[in-house]
J.: 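Let me give you the structure first, and then I'll get to my questions.
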Amino acid sequence: MNDVQVLEARQVPLGGMRSLEVRRTLPHKDRSFVGAWCFVDHYGPEPVRDLERDGMDVPPHPHTGLQTVSWLFDGEIEHRDTGGVHGMVRPGEMNLMTSGHGIAHSEVSTPETDTLHGVQLWVALPDADRETARAFEHHAPDDVDLTGDDGGFAGVALVFLGELPGVDRSPVTTYTPLLGAELRLEAGTELTLDVDSSFEHAVLVDSGDVTFEGTQLKRGDLACLDPGRSQLHFSIGQFPARLVLLGGEPFEEEIVMWWNFVGRSHEEVVEAREQYEAGDPRFGHVEGYTGKTDRIPAPPIPPVHLRPRNRRGRIGG
């Protein structure tokens, strides 16, 4: 029996009708997490200069209880946050921001950027660590050659988070065991990768002709596997492929995720929203941002009780 769960992306406008359109696969009604990965947006290649807009400009906005992982294939983004960090997001270089108790940040494409293409990922912090201090880390992984099942060159891996056994390990901080890697695979490749059998795994298809564990995938699909596999098999057709491989130990905690906040209860999220709207020091002020507005206001809380999610979807009251 084929046990690959394929989550199809839904189109979401990021920040309004004239802004970047993203393909979102997590969270999904049938699955909340892959390990502690709780949010997957895939976008581009998207022209960011046209008659109606002049680049991407996301004003300061808040986060709680998570880490953001920014990974680009094309373009360049300027990052500023209330931890005092001013840095650049560039292709093949991973920026990891830990919100801890609270942070705000802005994201603006640089004047030289004509096209944006990449993924924006979130990791839920475990309860024991979610009140940690704000932090930011940058890592530029090496391209590591991969050997195909026929002994020839199959492509390269860039391990930006966690460890891919026998390939590479990222030095950046995680609070649960995780894996994040870009795979660039040659046309005609048959590739078997060793992986940690205690992990859940998922493969996001950016481009190419991809069959994963016997299941043919299309662009934007997120193909998920439960723990128990010590190897993953990829078959690439007549076109080269670019994939993002995610993994992690199953995340057994329940979370409430609404807008940019990750908490544990409705009341906690309401409190975070009220503090952000009141300009509380919990989120601070982003220095150096000069956009059309100084911040993104929080939307109203829905007129329902926000419900927690576990690994398989919504539960609780």
Side-chain angles (χ1 to χ4, degrees), residues 14-16 19-20 22 36-39 41 55-72 76-90 93-110 118-139 161 172-176 253 255-302 306:
L14 190 65
S19 64
L20 196 68
V22 302
W37 298 102
C38 63
F39 182 92
D41 270 1
M56 182 188 83
D57 185 347
V58 182
H61 56 282
H63 291 290
T64 63
L66 56 79
Q67 293 178 297
T68 65
V69 176
S70 301
W71 184 256
L72 280 176
E76 185 179 57
I77 296 172
E78 182 180 37
H79 164 99
R80 296 178 186 269
D81 68 42
T82 49
V85 174
H86 176 213
M88 308 305 295
V89 186
R90 297 185 176 98
E93 301 180 12
M94 192 274 307
N95 282 359
L96 180 143
M97 183 183 74
T98 301
S99 75
H101 183 62
I103 200 168
H105 72 129
S106 63
E107 299 162 289
V108 180
S109 59
T110 61
V119 292
Q120 183 66 47
L121 311 167
W122 294 359
V123 177
L125 290 172
D127 190 58
D129 300 297
R130 64 194 183 93
E131 299 297 317
T132 192
R134 303 166 185 161
F136 183 91
E137 294 178 73
H138 171 268
H139 176 55
L161 201 68
V172 301
T173 305
T174 64
Y175 293 87
T176 56
E253 298 181 24
I255 68 170
V256 173
M257 186 165 69
W258 175 80
W259 193 44
N260 298 319
F261 303 126
V262 173
R264 294 301 186 273
S265 69
H266 173 93
E267 292 74 20
E268 188 179 303
V269 169
V270 169
E271 180 183 33
R273 180 194 178 277
E274 290 175 348
Q275 290 175 328
Y276 172 68
E277 287 296 282
D280 192 278
R282 175 178 184 178
F283 298 101
H285 176 72
V286 177
E287 297 289 344
Y289 172 78
T290 56
K292 295 179 181 178
T293 181
D294 62 350
R295 62 193 281 278
I296 297 177
I301 293 284
L306 299 173

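Here, residue 1 is the first one in the sequence, and each next residue gets the next number.
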J.: Check whether Glu277 reaches the backbone of Pro297 with its side chain - one donor and one acceptor, N or O, closer than 3.5 Å.
T.: no
J.: Establish, yes or no, whether the cationic atom of Arg295 lies under 6.0 Å from the six-membered ring centre of Tyr276 and within 45° of the ring axis.
T.: yes
J.: Could you state the interatomic distance from CG (Asp57) to OG1 (Thr293), rounded to the nearest 0.5 Å?
T.: 9.5 Å
J.: Could you check whether Arg264 pairs with Glu253 (Lys NZ or Arg NE/NH1/NH2 to Asp/Glu carboxylate O, under 4.0 Å)?
T.: yes
J.: Minimum heavy-atom separation for Ala124 to Cys38, with atom names?
T.: N-SG, 3.7 Å
J.: Closer than 4.0 angstrom, basic N to acidic O: yes or no for Arg80 and Glu78?
T.: yes
J.: Could you tell me whether the side chain of His61 and the main chain of Pro59 form a donor-acceptor pair under 3.5 Å?
T.: yes
J.: Is any side-chain heavy atom of Trp37 closer than 4.5 Å to one of Val69?
T.: yes
J.: Atom CD1 of Ile296 and atom OG of Ser106: how far apart are they, to the nearest 0.5 Å?
T.: 9.5 Å
J.: Please walk me through it: do Met94 and His138 pass side-chain contact (heavy atoms from CB on, under 4.5 Å)?
T.: CA-CA 6 Å; Met94 192 274 307; His138 171 268; over 6 Å; no
J.: Is it true that Asp81 and Tyr289 share a donor-acceptor pair across their side chains at a distance under 3.5 Å?
T.: no
J.: Shortest non-hydrogen contact from Thr64 to His101?
T.: CG2-O, 3.5 Å
J.: Less than 6.0 Å separating the ring centroids of Trp258 and His266?
T.: no
J.: What distance do Ser265 atom OG and Ile255 atom CD1 have between them, rounded to the nearest 0.5 Å?
T.: 12.5 Å
J.: Counting C-beta onward and ignoring hydrogens, is there a side-chain heavy-atom pair between Glu267 and Glu271 closer than 4.5 Å?
T.: no
J.: Nearest 0.5 Å, please: how far is OG1 in Thr132 from CG in Leu125?
T.: 8.0 Å
J.: Is there a donor-acceptor pair closer than 3.5 Å between any side-chain N or O of Arg134 and the backbone N or O of Gly100?
T.: no
J.: Testing the basics here: between Val172 and His139, what is the closest heavy-atom pair and its distance to 0.1 Å?
T.: CG1-CB, 3.6 Å
J.: Is a donor on one side and an acceptor on the other found under 3.5 Å between the side chain of Thr174 and the backbone of Thr176?
T.: yes
J.: Measuring only between side-chain heavy atoms, which start at C-beta, is Ile77 closer than 4.5 Å to Asn95?
T.: no
J.: Indicate the ring-plane relationship of Trp122 and His63, choosing parallel, tilted or perpendicular according to the 30° and 60° boundaries.
T.: perpendicular
J.: Between His86 and His79, is the ring centre distance below 6.0 Å?
T.: no
J.: Between Glu268 and Arg130, does any NZ, NE, NH1 or NH2 come within less than 4.0 Å of an OD or OE carboxylate oxygen?
T.: yes
J.: Donor-acceptor pair, Ser99 side chain versus Leu66 backbone, under 3.5 Å?
T.: yes
J.: Looking at every non-hydrogen atom in both residues, tell me the closest pair between Pro62 and Asn260 and how far apart they are.
T.: O-CB, 2.8 Å
J.: For Thr173 and Glu137, does a side-chain donor sit closer than 3.5 Å to a side-chain acceptor?
T.: yes
J.: Could you go through the side-chain contact (heavy atoms from CB on, under 4.5 Å) check for Glu76 and Val89 one step at a time?
T.: CA-CA 6 Å; Glu76 185 179 57; Val89 186; over 6 Å; no
J.: Are the side chains of Val270 and Phe261 in contact, using a 4.5 Å heavy-atom criterion?
T.: no
J.: Contact between Leu96 and Leu161 at the side-chain level, heavy atoms closer than 4.5 Å - yes or no?
T.: yes
J.: What pair of heavy atoms forms the shortest contact from Thr82 to Gly284, and how long is it?
T.: CG2-C, 3.4 Å
J.: Would you say that Met56 contacts Val108 through its side chain, given a criterion of any heavy-atom pair below 4.5 Å between the two side chains?
T.: no
J.: Taking the side chain as everything from C-beta on, heavy atoms only, tell me whether Glu107 gets closer than 4.5 Å to Gln120.
T.: yes
